[in-house]
Amino acid sequence: MPEGIEVEYYRIGALQALGRTISSVAAEDNYYLKGETSSEELYSFLVGDEFTAARRIGKLLLLDSKGGVTLGLRFGMTGRLLVDNVSSIDHLEYSSTRNESFWDRFSIEFEDGGLLTIRDPRRLGSVELNPKVDNLGSDIYQIDGRGLNVVLRGSSRPIKARLMDQKQIAGLGNLLTDEILWRSSIDPRRSADSLSKEEKRCLLYHIKSAINQLTELGGSHMGKLQDNRVISGFCPKDGAFLERYKVGGRTTYSCPKHQR
DNA sequence: CTCGACTCCTGTTAGC
DNA sequence: TGCTAACAGGAGTCGA
């Protein structure tokens with residue numbers, strides 16, 4: 001599913017949409033519009049305008065316009081961004097393998113005939129004009145030791161829930177977090193403030209290296225753990241059967257042997 | 001303030 | 001064969 005890495009791919013894809021005059025907006029699915037945003041408002045603000053920049057904070061894609069508005073796009077679990085009918089990602093874990101245009105929830109047409117579209121079977125994504133961004137934590141590509149310390153300090157929540165909290169770190173989803181904790185040999189249920197100095201250093205290293213490595217490999221589903229995130233899957237490191245349980249309401253897999 | 005529990009969405013799949 | 005129920009996870013809300 002789209003986590004920070006996938007949305008970074010979408011951002012790069014969205015660069016193709018910059019500098020092109022918008023001729024039309026299709027936002028018929030009201031459920032897809034969040035906050036105060038309405039279909040009429042999107043139309044009146046965007047038609048005739050053009051995007052000048054594509055930014056990303058965590059899983060939120062931001063398109064700035066020349067006219068001064070910012071369009072925020074969220075992709076939920078199964079949303080893909082198509083620019084001129086091309087997606088930067090062809091496979092999304094847990095999404096359908098089919099690719100149907102009736103799953104298009106939001107679309108922008110340019111004067112040159114091209115399109116920017118969100119195709120999202122499960123409708124968990126959303127579109128919002130001028131979304132609030134000050135409640136998001138450090139982006140996954142920017143996180144450093146100081147930032148991680150702040151995130152972990154004084155929280156008794158499970159470390160996994162804390163890492164996935166977008167107010168703390170923006171961009172980590174369920175698959176990435178399981179992968180990172182597996183690489184770091186840390187049990188996801190440990191309380192966030194229980195990590196030793198050494199464990200925090202190890203965790204920071206694995207956050208950075210997993211993000212960079214999986215970005216190169218093509219997505220958050222390319223981790224070493226992913227193929228074994230199934231019932232009776234086993235640990236690729238030492239062969240033990242993985243445990244499966246919920247943390248913060250999310251399905252979690254971890255190795256009882258080396259994650260402590 | 002923190003944090004767990006619950007809810008939403010719908011395509012896919014396990015099981016009867 | 002056909003049906004149902006469970007499952008997947010991002011994000012928001014609610015109440016303790």
Side-chain angles (χ1 to χ4, degrees), chain A residues 1-10 27-37 56-62 72-81 89 91-106 118-128 131-137 139-140 150-181 188-194 214 219-221 223 225-233 242 244-254:
Chain A
M1 79 296 308
E3 303 187 22
I5 290 174
E6 281 76 11
V7 180
E8 175 61 12
Y9 276 88
Y10 295 164
E28 289 93 3
D29 189 347
N30 251 329
Y31 177 80
Y32 220 73
L33 307 181
K34 287 291 147 68
E36 304 296 303
T37 307
R56 181 192 56 77
I57 305 175
K59 303 169 193 171
L60 176 65
L61 180 62
L62 297 163
L73 305 178
R74 297 182 180 279
F75 299 91
M77 183 181 173
T78 58
R80 294 197 295 163
L81 184 73
I89 290 178
H91 170 77
L92 266 189
E93 206 74 11
Y94 304 122
S95 189
S96 174
T97 53
R98 291 185 292 140
N99 192 15
E100 308 284 355
S101 60
F102 57 76
W103 292 328
D104 293 353
R105 312 299 180 190
F106 174 77
I118 300 183
R119 185 164 291 175
D120 181 5
R122 294 185 206 179
R123 293 170 80 210
L124 286 167
S126 64
V127 171
E128 187 177 2
K132 275 186 73 164
V133 296
D134 50 10
N135 52 351
L136 291 172
D139 183 73
I140 42 169
V150 172
V151 166
L152 300 182
R153 189 182 305 146
S155 173
S156 59
R157 295 184 78 180
I159 176 80
K160 173 170 173 175
R162 193 71 174 174
L163 292 175
M164 284 181 66
D165 185 342
Q166 301 300 297
K167 294 191 288 296
Q168 302 301 326
I169 300 177
L172 288 181
N174 201 31
L175 303 188
L176 267 176
T177 308
D178 269 9
E179 174 75 16
I180 287 166
L181 290 172
R189 295 161 288 197
R190 287 263 304 277
S191 79
D193 58 7
S194 73
L214 299 192
S220 47
H221 61 286
L225 185 65
Q226 181 59 29
D227 286 349
N228 292 291
R229 281 184 90 265
V230 291
I231 290 165
S232 66
L242 296 176
R244 177 181 185 270
Y245 48 88
K246 302 256 184 195
V247 174
R250 293 290 156 253
T251 304
T252 301
Y253 288 88
S254 68

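Letters A, B, ... are given to chains in the order of the sequence lines, protein chains preceding strands, and every chain is numbered from 1.
Remark: C1' of C:dC7 and CE of A:M77 are 9 Å apart, rounded to the nearest angstrom. Remark: C1' of C:dG10 and CG of A:L176 are 13 Å apart, rounded to the nearest angstrom. As a whole-Å value, the separation of A:L61 CG from C:dA11 P is 13 Å. One atom, CG of A:D165, and another, P of B:dT2, lie 9 Å apart when rounded to the nearest Å. The distance between atom CD1 of A:I159 and atom P of B:dG4, rounded to the nearest whole Å, is 13 Å. Remark: C1' of C:dA8 and CD of A:Q226 are 12 Å apart, rounded to the nearest angstrom. Atom CG of A:L73 is separated from atom P of C:dG10 by 18 Å (rounded to the nearest Å). The distance between atom CD of A:Q168 and atom P of C:dA11, rounded to the nearest whole Å, is 14 Å.
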key: Base versus backbone protein contacts along nucleotides 5-16 of chain B [heavy-atom cut-off under 4.0 Å; B, S, -]   = ---BBBBS----

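Note on A:T78: nothing from the nucleic acid sits closer than 4.0 angstrom, heavy atoms only. Within the 4.0 angstrom heavy-atom criterion, no nucleotide atom of any strand lies near A:E93. Among the atoms of the strands shown, only primed sugar atoms or phosphate atoms (P, OP1, OP2) are found under 4.0 Å from some heavy atom of A:S156. Using a 4.0 Å heavy-atom criterion, one finds that A:K246 contacts the sugar-phosphate atoms exclusively. Residue-level contact check: A:R244 touches the backbone only, with heavy atoms under 4.0 Å from sugar-phosphate atoms and none from bases.
Taking OG from A:S95 and CG from A:D120, the interatomic distance works out to 7.5 Å, rounded to the nearest 0.5 Å. Rounding to the nearest 0.5 Å places CD1 of A:I159 at 11.0 Å from CZ of A:R157.
With sequence neighbours excluded, no residue forms a ring-ring contact (aromatic ring centres under 6.0 Å, His included) with A:F106. For A:D193, there are no salt bridge (Lys or Arg N to Asp or Glu O under 4.0 Å) partners at least two apart in sequence or on another chain.
Candidate nucleotides C:dA8, B:dG4, B:dC3 were compared by shortest atom distance to the side chain of A:P158, and B:dG4 ranks first.
Between the side chain of A:D139 and the backbone N or O of A:G58, at least one donor-acceptor pair lies under 3.5 Å.
Using a 4.0 Å cut-off between charged nitrogen and carboxylate oxygen, A:R250 and A:D178 do not count as a salt-bridge pair.
Of all heavy-atom pairs between A:S254 and A:P188, the closest is CB-CD, 3.7 Å.
Here A:K59 reaches the OP1 or OP2 of C:dA11: one of its side-chain N or O atoms lies under 4.0 Å away. Of the side-chain N and O atoms in A:S155, none sit less than 4.0 angstrom from OP1 or OP2 of B:dT2.
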